[in-house]
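Both ligands and their constituent atoms are indexed starting at 1 by order of listing. Starting from 1, each residue takes its place in the sequence as its number. Remember, it's a predicted structure, so these values are computed and weren't measured experimentally.
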Amino acid sequence: MLYLASQSPRRRQLLEQLGVAFEVVHVDVPEQRSPEESPRHYVSRVARDKAHAGLVRVGAPQAIVLGSDTEVVLDDEVFGKPADAADAAAMLRRLSGRTHEVISAVWLVGERHEDSELCVSRVRFAELDEATIAAYVATAEPFGKAGAYAIQGRGATLVEHLDGSYSGVMGLPVFETARLLARFGA
Ligand SMILES: Cc1cn([C@H]2C[C@H](O)[C@@H](COP(=O)(O)OP(=O)(O)OP(=O)(O)O)O2)c(=O)[nH]c1=O
């Protein structure tokens with residue numbers, strides 16, 4: 001049986017696109033990057049921690065657990081989920097008129113082995129004025145989203161260009177996840 005170690009409704013929806021049967025398992029993993037840790041390593045590690053926490057939680061010998069993490073990276077700085085409206089506005093100000101990376105890691109763990117995929121997309125934001133930022137933050141869409149935007153929502157109006165995986169930016173890269181599941185024999 002496949003389990004998704006995630007609270008994210010987007011991840012559930014994207015995994016459903018693959019047509020595989022799965023159940024959701026709730027895990028709570030601390031997300032804290034150590035100062036010397038690269039953004040890619042950090043995203044992978046958190047995805048791995050979520051998968052392993054899920055495996056412990058499920059406790060079934062045949063279980064395969066999928067953990068995933070998504071972060072926005074600009075100038076080697078990781079933008080997670082905004083703490084509040086001021087934080088969301090500050091992130092959007094930083095992303096304005098620039099190209100950032102969205103890194104999504106997918107980690108699968110079973111009783112005997114584990115495997116992963118990393119998906120890196122490049123997203124260019126339009127120049128955002130203060131009124132646009134304030135109006136977007138007021139929609140509340142930035143909350144719970146890495147980098148304070150949702151490409152699948154009103155946030156699409158801020159995105160000038162995407163080079164990479166739309167589903168990866170949303171939280172679970174469908175192509176890479178399918179490839180990983182196939183490799184795993186799941
Ligand atoms: C950039 C971007 C992020 N996001 C979301 C995807 C992730 O849910 C979230 C990043 O936070 P994550 O910590 O990756 O995930 P999560 O806390 O939502 O869910 P869980 O740990 O339980 O699996 O940001 C979007 O929905 N749209 C976007 O355009």
Can you tell me which portion of Glu31 lies within the under-4.0 Å heavy-atom range of ligand 1? Options are side chain, backbone, both, or neither.
side chain
Indicate yes or no: does an N/O atom of Thr70 lie under 3.5 Å from an N/O atom of ligand 1?
yes
Just checking, any donor-acceptor pair under 3.5 angstrom between side chains of Glu141 and Tyr136?
yes
Taking the side chain as every heavy atom from C-beta outward, state whether Leu158 and Ile151 have any pair of such atoms under 4.5 Å apart.
no
In ligand 1, the atoms that come under 4.0 Å of a heavy atom of Asp69 are 12 (P), 13 (O), 14 (O)
What protein heavy atom sits nearest atom 8 (O) of ligand 1, and how far away is it?
Arg10 NH2, 2.8 Å
Who's the nearest protein heavy-atom neighbour of atom 1 (C) of ligand 1, and how far?
Ala146 O, 3.4 Å
Distance from atom 6 (C) of ligand 1 to nearest protein heavy atom, with residue and atom
Met170 O, 3.2 Å
Write out the residue and atom name of the closest protein heavy atom to atom 17 (O) of ligand 1, then the distance separating them to 0.1 Å.
Lys81 NZ, 2.4 Å
Please state whether the rings of His100 and Phe125 are parallel, tilted or perpendicular, taking 30° and 60° as the class boundaries.
perpendicular
Is Glu130 salt-bridged to Arg93, cutoff N-O under 4.0 Å?
yes
Just jot down the ligand 1 atoms closer than 4.0 angstrom to any heavy atom of Gly144, in number order.
9 (C), 24 (O)
Using the rule that two of Ile, Leu, Val, Met, Phe, Trp, Tyr join whenever any of their side-chain heavy atoms come within less than 4.5 Å, decide whether Val169 and Val159 are in one cluster.
yes
Touching ligand 1 at all, Gly147? Heavy atoms, strictly under 4.0 Å?
no
Give the intermediate values and the outcome of salt bridge (Lys or Arg N to Asp or Glu O under 4.0 Å) for residues Arg11 and Glu16.
CA-CA 8 Å; Arg11 294 210 166 104; Glu16 278 164 5; over 6 Å; no
Which residue and heavy atom of the protein sit nearest atom 15 (O) of ligand 1, plus the separation:
Arg11 NH1, 2.9 Å
For atom 2 (C) of ligand 1, the closest protein heavy atom turns out to be Val169 O, 3.1 Å
Find the distance between CG (Asp163) and CD (Glu101) and round it off to the nearest 0.5 Å.
10.5 Å
In this structure, atom 29 (O) of ligand 1 is nearest to the protein heavy atom Ile151 N, 2.7 Å
Considering non-hydrogen atoms of the protein only, which is the closest contact for atom 27 (N) of ligand 1, and what is the distance?
Gln152 OE1, 2.9 Å
